[in-house]
Amino acid sequence: ACFCKLQGEVDDCSCKVESLDSLNNNKIYPRLKSLMTNNYFKYFKVNLKKRCPFWTDDSRCAMKDCHVNVCEPDSVPFADKKENKQEPENKYSKEAQNGNHANCEEERELGALDTSLSDESKKKFREWKAYDDSLDMFCEIDDEHSADVQYVDLLKNPERYTGYKGASPRRIWRSVYEENCFKPAKPVAYGPRDDKLSNDCLQGMCLEKRTFYRLISGLHTSINIHLCDQYLFPSINAFGPPEWGPNVKEFKKRFDPETSDGQGPQRLKNLYFAYLVELRALAKAAPYLEQEEFFTGTFGHDDEVRLAVHDFLQVVREFPEHFDESKLFQGNSAQTKKLKIEFRDHFRNISRIMDCVGCDKCKLWGKLQVLGMGTALKILFSGSSMGLASTVSADFKADFQLTRTEIVALFNAFGRLSSSIYALENFRALMR
Ligand code: FAD
């Protein structure tokens with residue numbers, strides 16, 4: 001059996017890797033692949049020019065394959081038509097605007113206050129409201145109204161090998177793991193090399209901290225699988241174009257236990273863990289997403305997207321072995337609350353580290369995937385309702401609200417994890 005043919009349960013979940021392989025490769029991946037080509041999902045709004053808040057020597061990579069082609073605003077079908085005409089506050093999706101809108105509530109609350117309140121007091125009120133809203137955010141979100149925010153067509157800028165390696169990505173990953181992953185409760189005997197980043201650091205950690213580590217490690221695995229799966233080979237003859245394709249040698253170097261300090265298979269398993277968490281978030285958000293408008297800016301196209309999303313969500317909801325987020329942050333003690341805040345703040349910090357990535361293409365996908373994962377966490381841990389809402393009722397009220405950018409990031413981030421699991425099947429076939 002290949003080292004990349006994993007078996008048994010995903011850690012801390014009662015779900016078998018084999019059933020995820022089957023669900024993903026037969027049902028989820030084909031649906032998502034098609035869904036992600038839609039206008040709604042393929043344009044991602046992002047600020048790639050934000051300065052790194054942690055160090056100043058973040059030199060930009062000049063490599064050709066790190067370049068991102070941004071869209072001319074005219075070429076994005078829905079930009080400047082509807083979305084940009086909305087008031088800045090109307091940033092939430094349709095469901096949020098229908099009776100569940102944060103700003104309507106704000107107006108109501110303000111109206112209920114003494115009308116003689118000074119502008120200064122109202123400003124303070126709004127600041128506190130914005131602060132309260134941000135409490136459930138696991139990511140630092142790009143300011144959608146900044147002049148540096150641009151649309152990127154994700155299909156024209158695929159995640160693949162860029163040649164970004166060496167000190168810069170090492171510093172990013174090191175910073176992500178060492179500074180932001182929780183430290184183990186007991187000191188662990190580290191080996192001589194990069195082993196602080198290894199799964200050994202899970203010893204003595206509680207479920208929440210293990211979850212955090214596995215999510216980050218699963219994301220790292222997914223990024224590295226993509227660069228192996230879409231590797232750049234020089235052309236066979238001097239004048240031909242270079243070719244993209246799977247690089248089995250690179251894949252083995254990273255994940256074969258013989259060449260990855262024995263950590264490879266565990267890192268692959270963390271990919272399945274991250275997948276299960278995002279799958280569960282999609283299932284929980286399904287009633288909310290079913291009410292979404294999915295405005296594409298192309299006549300007659302929104303219905304198609306809504307139908308395709310509905311079909312996809314049916315599959316997601318029918319899968320019975322979900323990650324159980326209710327096991328995390330149990331109880332109402334001060335310690336649990338502190339842990340939840342720490343968890344959120346660490347994740348938020350990771351979203352800020354993404355602005356330090358030195359290769360624009362890697363930064364684009366890094367930011368998107370961290371935002372997608374952060375959105376999944378927001379869905380899972382916002383408010384009090386922890387159950388899976390099975391029906392979409394007219395009075396359904398979510399504990400969270402999502403912006404268009406968060407929805408796009410959530411679907412695409414899950415799409416990346418899904419495509420990584422699919423790629424594993426291909427690597428298994430190539431190695432056979
Ligand atoms: P790295 O992947 O840099 O890993 C550093 C160390 O972390 C390893 O030595 C190991 O000890 C540990 N480690 C590795 N994997 C895991 C894991 N899954 N879980 C826990 N620990 C682990 N390159 C591209 O070609 N295309 C991209 O699109 C791309 N996107 C990137 C996005 C981000 C946000 C970052 C930070 C980097 C990206 N890279 C990309 C670079 C890529 O991830 C590697 O950093 C690079 O290929 C160098 O690999 P490496 O062998 O030095 O190990």
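Values in this document were obtained by computation on a predicted structure and should not be read as measured data. All heavy atoms count here, side chains included; hydrogens, waters and symmetry mates do not. In listed order, ligands and their atoms are each counted from 1.
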For Gly163, the atoms of ligand 1 under 4.0 Å from one of its heavy atoms are 25 (O)

- Message: Could you check whether any heavy atom of Arg170 sits closer than 4.0 Å to an atom of ligand 1, since that is the contact criterion I want to use?
- Response: yes

At under 4.0 Å between heavy atoms, what of Arg254 touches ligand 1? The answer is side chain

Pro169 heavy atoms within 4.0 Å reach ligand 1 at atoms 45 (O)

Between Glu159 and Arg416, is there a salt bridge with N-O shorter than 4.0 Å?
yes

Query raised in the report: Would Leu371 and Met354 count as a side-chain contact (heavy atoms from CB on, under 4.5 Å) if you check the C-alpha gap in whole Å, the side-chain angles of each, and the deciding distance to 0.1 Å?
Result: CA-CA 10 Å; Leu371 177 58; Met354 289 301 115; over 6 Å; no

Is Glu290 salt-bridged to Arg317, going by a charged N under 4.0 Å from an acidic O? yes

Q.
Is it the case that the ring center of Phe233 lies less than 6.0 angstrom away from the ring center of Tyr231?
A. yes

Problem - Pairing of Asp142 and Lys45 as salt bridge, 4.0 angstrom limit - result: no

Any heavy atom of Ile172 under 4.0 Å from ligand 1? The part involved is side chain

Centre-to-centre under 6.0 Å for Tyr40 and His301, is that the case here?
no

Practice problem: Kindly check if Cys359 and Cys66 bring their SG atoms closer than 2.5 angstrom. | Solution: yes

Honestly, for Asn224 the part within reach of ligand 1 (heavy atoms, under 4.0 Å) is side chain

Point to revise | Sub-3.5 Å N/O-N/O distance, Thr221 and ligand 1 | key: yes

> Is Trp173 near ligand 1, meaning one of its heavy atoms is under 4.0 Å from it?
Replying inline: yes

- prompt: So, are Glu140 and Arg352 salt-bridged, with charged N and O less than 4.0 Å apart?
  reply: yes

- is_close_aromatic(Phe255, Phe427), centroid dist under 6.0 Å: no

With heavy atoms and a 4.0 Å threshold, my read on which part of Tyr213 contacts ligand 1 is side chain

Exactly one of Ile223, Thr162, Asp65 clears side-chain contact (heavy atoms from CB on, under 4.5 Å) with Cys362, and that residue is Thr162

A student comparing Gly366, Cys362, Cys66 should find that the heavy atom closest to atom 30 (N) of ligand 1 comes from Cys362

Under 4.0 Å between heavy atoms, the region of Tyr177 that gets near ligand 1 turns out to be side chain

For ligand 1, is there an atom lying under 4.0 Å from some heavy atom of Gly218? no

Query raised in the report: Hey, is Arg160 one of the residues with a heavy atom under 4.0 angstrom from ligand 1?
Result: yes

Ranking His226, Arg267, Arg214, Lys367 by closest non-hydrogen atom to atom 17 (C) of ligand 1, top hit is Arg267

Regarding ligand 1, does Glu159 bring an N or O atom to under 3.5 Å of one of the ligand's N or O atoms?
no

Near Tyr161 (heavy-atom distance under 4.0 Å), the atoms of ligand 1 are 25 (O)

At under 4.0 Å between heavy atoms, what of Met354 touches ligand 1? The answer is side chain

Distance flag, aromatic centroids of Phe3 and Phe251, threshold under 6.0 Å: yes

